[in-house]
Amino acid sequence: MVALIVSMIFSPLIGAIVVSLSEKNTETAMKLKISRDANLITEDEYQNSLRKLIPNQKDQADTNRGYLAIAAIIVLLFILIRCVN
């Protein structure tokens with residue numbers, strides 16, 4: 001979502017750079033698993049971090065609604081600016 005907003009504000013090329021630099025959730029989950037297996041973090045820390053990384057369906061739905069609202073506001077502002085000019 002951050003890359004989408006950056007692309008809308010700056011350019012698609014900069015958005016693509018943001019996407020390529022961002023770490024994927026699967027990579028982070030794998031690093032957490034390795035840390036847990038090496039006893040660097042406890043099982044509780046692992047589970048809590050994993051829950052933050054992979055939200056449940058209700059949290060994901062709330063997040064999606066928030067993103068949709070932000071996107072709608074950006075589109076409306078874009079239209080308003082175009083109409084004023």
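Nothing here was measured: the structure is a model prediction, and the numbers come from that model.
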Review point. Does I79 have any side-chain contact (heavy atoms from CB on, under 4.5 Å) partners at least two apart in sequence or in another chain, and if so, which?
Key: V75, C83

Revision key, fill the gap. side-chain hydrogen bond (donor to acceptor under 3.5 Å, both in side chains) filter on D37, not counting sequence neighbours, yields K33

Review point. Measuring from I70:CD1 to R65:CZ, what's the distance to the nearest 0.5 Å?
Key: 13.5 Å

Check your understanding: Passes side chain to side chain contact (heavy atoms under 4.5 Å, CB included), I34 versus M30? Steps please.
Key -> CA-CA 6 Å; I34 291 169; M30 184 61 70; 4.1 Å; yes

Check your understanding: Listed by chain and number, what are the side-chain contact (heavy atoms from CB on, under 4.5 Å) partners of L40, not counting sequence neighbours?
Key -> S35, A38

Check your understanding: Can you name the closest pair of heavy atoms from I41 and L32 and give their distance?
Key -> CD1-O, 3.8 Å

